[in-house]
Visitor: 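Before anything else, here's the structure in question.
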Amino acid sequence: MMSSYRICVCFTRRFQGVEVDPPLDVREIFKKYAQGGSHLTADQLRRFLVEVQGGGDCISVNDAQGIVDQVLQKRHLITKFARHTLTLDDFHHYLFSPEFNPPIGSQQVHQDMTAPLSHYYIYTGHNSYLTGNQLSSDCSDVPINESLKRGVRVVELDLWPNSTGDNVNVLHGRTLTTPVRLGKCLKSIKEHAFSASPYPVIITLEDHLTPALQAKVAQMLTETFGDMLFRPKSESLKEFPSPEKLKYRIIVSTKPPKEYLAAKSIKGKDKKLQEIKDSDEDEWGKEPLDIRNDHDDDNMSVTDTSEHNLDVENNEECTHELCPSAPSTYKSLIAIHAGKPKGGLKKALKVDPDKVRRLSLSEQALEKAAESHGTDIVRFTQKDILRVYPKGTRFNSSNYKPIIGWMHGAQMVAFNMQGYGKHLWSMHGMFRSNGGCGYVKKPDFLMNVGPDNHVFDPKAKLPVRKTLKVKVYMGDGWHLDFKKTDFDLYSPPDFYTRVGIVGVPVDKIMKKTKKKEDNWRPVWEEEFSFPLTVPELALLRVEVNEYDMSEKDDFGGQTCLPVAELRQGIRAVPLFNRKGEPYKSVRLLMQFEFI
């Protein structure tokens with residue numbers, strides 16, 4: 001395959017396309033299992049699958065023959081193929097096909113789903129209705145639909161009265177975001193809630209509504225979801241139900257109405273309280289003075305002054321507008337109660353044996369709390385739910401390191417799903433686990449309680465428990481998914497691969513291959529080793545870039561895979577674009593081995 005790149009009017013560079021042979025390891029494996037012959041039988045393929053790929057003894061000759069037939073049917077479409085064995089090229093095609101040979105295990109749910117909700121990491125969105133940035137983008141049901149189709153199980157809606165005060169809008173308060181009707185969002189949730197997973201969808205509400213509008217919301221929830229809506233039998237739950245028990249159910253989580261303030265105009269000195277959002281959020285993670293107003297919309301006050309940190313319910317004369325009686329129907333729909341006790345962080349993390357609840361901390365508050373209360377957080381998340389949300393200065397809808405929340409047992413690490421970047425790729429990677437159902441069982445060490453009520457200490461130094469060896473053989477597919485000049489105007493691309501671990505701090509590392517110049521089908525054949533102290537929380541991050549001497553290197557694809565679900569052996573690894581959408585053809589051939 002010859003490719004030409006025009007340098008100027010009178011000069012054109014020509015590059016000879018190189019036909020890429022299967023890697024040496026693949027050729028040697030084929031030779032071994034074909035016993036020196038030119039074809040691999042179904043029984044020989046079965047032996048390879050068991051001994052090299054870790055398939056287990058459950059693989060039968062009939063299973064292997066089914067694979068052979070599928071590969072031949074896909075590769076040779078002209079006539080019904082008489083041969084029932086694989087050539088070396090067929091074998092290489094099989095190994096390099098994500099359809100036949102994916103890098104992670106079963107796409108079916110395989111974890112125990114009968115434990116309480118607090119025992120799971122839950123795929124959680126933040127400001128789920130925003131199409132772009134946090135300040136001026138449109139509010140819509142479209143990003144809600146897209147996140148649910150991806151498997152997200154927690155949707156956040158901010159509720160405000162419309163301009164006439166007779167209906168409810170969803171929007172990011174105190175910004176230039178354009179609203180969307182609550183009813184439209186609820187109908188979309190109903191339509192798409194279980195398109196990717198049968199396990200429960202949790203709607204977290206932050207409302208700024210009058211009692212009349214709260215009653216309207218209760219009516220809308222009831223009418224939209226009907227029997228899908230989970231109604232707790234008592235005002236507060238002693239233990240959360242399991243995902244299995246809550247299949248195909250919609251769960252409401254918010255602060256009990258009595259704890260809200262009506263967003264009414266207050267004259268004179270108290271006018272600044274007009275748009276208070278009295279939620280369950282923390283006051284323990286304030287950033288330095290220069291960004292003190294850096295609060296998520298869930299925060300308790302507009303500013304960080306002592307005046308506005310007062311408990312208004314205790315300091316203002318109670319009027320009908322400021323201290324409404326909560327509509328009982330609205331309150332009865334709240335299955336997961338949000339809120340924090342008055343007092344410091346230690347008190348907020350105290351576990352109540354008689355009821356469960358949800359607590360929210362900003363990303364910086366969690367970091368601060370983890371410094372001195374790490375084991376308290378772990379103990380809290382064994383029974384109660386902790387939600388972590390992005391700090392307010394992430395106006396561009398970027399995200400933060402999710403591992404800090406995960407290693408402390410936080411179930412709801414809320415992300416801007418419309419965002420971008422490596423942290424969002426890590427989130428996508430984590431929830432590829434367990435069949436992509438949106439619920440991932442937390443590791444046992446986070447749930448265990450030892451003598452003297454001892455729990456896991458995230459700061460403890462741990463020994464290496466497992467080493468992951470990764471070999472990057474080759475890549476292909478860019479010439480099909482990209483234009484000839486997308487990477488370089490004057491020559492084929494110079495690809496290199498970065499591969500590493502996202503995980504607890506001591507496990508985190510990135511390494512890279514050498515670059516391969518002027519080649520659409522690069523062959524690296526480089527091997528890396530990654531010692532792991534907490535393999536349960538480790539993600540394998542892979543990113544391909546194209547070297548650019550004068551500018552920033554070009555992006556060529558990425559993926560993030562849960563180490564706990566990696567399949568040993570030689571695997572085809574499909575790559576995704578910056579948004580986490582799969583390319584049609586771009587993939588790597590890699591080998592994984594645990595020692």
Side-chain angles (χ1 to χ4, degrees), residues 118-122 124 126 279-288 291-292 294-296 298-300 304 338-341 343-351 357-394 398-416 422-424 426-427 430 440 442-450 452-462 501-509 532-539:
S118 56
H119 290 220
Y120 300 84
Y121 298 122
I122 310 173
T124 302
H126 172 258
S279 81
D280 54 287
E281 305 310 344
D282 63 278
E283 289 294 316
W284 310 295
K286 301 266 194 289
E287 294 199 351
I291 49 173
R292 271 183 155 181
D294 173 18
H295 292 280
D296 183 85
D298 294 336
N299 274 348
M300 195 170 191
D304 192 28
K340 70 178 182 67
L345 178 59
K346 185 81 173 177
K347 187 173 182 180
L349 292 171
K350 188 175 181 180
V351 177
R357 59 189 171 92
R358 172 173 69 84
L359 174 69
S360 290
L361 296 176
S362 66
E363 57 174 288
Q364 69 268 33
L366 176 65
E367 290 180 10
K368 184 175 179 180
E371 292 174 6
S372 55
H373 297 284
T375 54
D376 292 327
I377 299 171
V378 171
R379 189 174 289 108
F380 177 84
T381 57
Q382 290 181 339
K383 182 180 180 183
D384 297 288
I385 289 177
L386 176 61
R387 172 180 170 268
V388 185
Y389 63 91
K391 61 185 179 182
T393 49
R394 296 190 181 278
S398 63
N399 288 297
Y400 53 99
K401 297 177 182 178
I403 189 64
I404 299 174
W406 292 336
M407 64 190 289
H408 286 83
Q411 297 87 351
M412 296 182 179
V413 178
F415 260 40
N416 295 308
K422 62 182 181 181
H423 299 315
L424 185 57
S426 298
M427 181 65 67
M430 167 62 89
V440 176
K442 293 198 291 186
D444 289 341
F445 66 78
L446 283 171
M447 302 306 301
N448 292 338
V449 179
D452 301 321
N453 202 29
H454 175 78
V455 297
F456 173 72
D457 183 357
K459 285 188 173 183
K461 291 185 178 180
L462 301 171
I501 297 295
V502 177
V504 298
V506 70
D507 292 348
K508 182 182 175 184
I509 191 171
L532 302 173
T533 62
V534 187
E536 297 91 340
L537 296 181
L539 302 169

Visitor: Hey, does Y400 have a side-chain heavy atom less than 4.5 Å from the side chain of V413?
Guide: yes
Visitor: Please report the interatomic distance CH2(W406) to CE(M430), rounded to the nearest 0.5 Å.
Guide: 4.0 Å
Visitor: When H126 is tested against each of R387, R394, M412 for side-chain contact (heavy atoms from CB on, under 4.5 Å), which residue passes?
Guide: R387
Visitor: Out of curiosity, L539 CG to I501 CD1, how far, rounded to the nearest 0.5 Å?
Guide: 8.0 Å
Visitor: Out of curiosity, K442 NZ to D444 CG, how far, rounded to the nearest 0.5 Å?
Guide: 11.5 Å
Visitor: Using the ring of each side chain (for Trp, its six-membered ring), is F456 parallel, tilted or perpendicular to F445, with breaks at 30° and 60°?
Guide: tilted
Visitor: Taking C-beta and beyond as the side chain, do I403 and S426 meet within less than 4.5 Å on heavy atoms?
Guide: no
Visitor: Output, in order, the C-alpha distance, side-chain angles, deciding distance and verdict of side chain to side chain contact (heavy atoms under 4.5 Å, CB included) for F380 and R357.
Guide: CA-CA 10 Å; F380 177 84; R357 59 189 171 92; 3.5 Å; yes
Visitor: To check you understand the geometry: which heavy-atom pair defines the closest contact between P390 and N416, and what is its length?
Guide: CG-ND2, 3.8 Å
Visitor: Tell me, with the steps shown, if N399 and M427 meet side chain to side chain contact (heavy atoms under 4.5 Å, CB included).
Guide: CA-CA 10 Å; N399 288 297; M427 181 65 67; over 6 Å; no
Visitor: May I have the step-by-step check of side chain to side chain contact (heavy atoms under 4.5 Å, CB included) for Q411 and Y120, ending in yes or no?
Guide: CA-CA 6 Å; Q411 297 87 351; Y120 300 84; 5.9 Å; no
Visitor: Are a donor atom and an acceptor atom from the side chains of T375 and D457 found within less than 3.5 Å of each other?
Guide: no
Visitor: Roughly how far, to the nearest 0.5 Å, is the CD atom of E367 from the OG atom of S362?
Guide: 8.5 Å
Visitor: Taking all heavy atoms of A410 and all of Y121, pick out the closest pair and write down the distance.
Guide: O-CD2, 3.4 Å
Visitor: Look up atom CG in L446 and atom CG in L537, then write down how far apart they are to the nearest 0.5 Å.
Guide: 6.5 Å
Visitor: Determine whether P505 and M407 make a side-chain contact, defined as any pair of heavy atoms from C-beta on separated by less than 4.5 Å.
Guide: yes
Visitor: Should E363 and K401 be marked as a side chain to side chain contact (heavy atoms under 4.5 Å, CB included) after you check the CA-CA gap, both sets of side-chain angles, and the distance that decides it?
Guide: CA-CA 9 Å; E363 57 174 288; K401 297 177 182 178; over 6 Å; no
Visitor: For the backbone of H408 and the side chain of T381, can you confirm whether one donor and one acceptor N or O come within less than 3.5 Å of each other?
Guide: yes
Visitor: Checking the side chain of S118 only, and the main-chain atoms of K383 only, is there a donor and an acceptor separated by less than 3.5 Å?
Guide: yes
Visitor: Could you check if a side-chain atom of L366 sits within less than 4.5 angstrom of a side-chain atom of L386, using non-hydrogen atoms only?
Guide: yes
Visitor: Less than 4.5 Å apart, any side-chain heavy atom of V534 and any of D507?
Guide: yes
Visitor: If you round to the nearest 0.5 Å, how far is NZ of K508 from CG of L532?
Guide: 15.0 Å
Visitor: Counting C-beta onward and ignoring hydrogens, is there a side-chain heavy-atom pair between R379 and H373 closer than 4.5 Å?
Guide: no
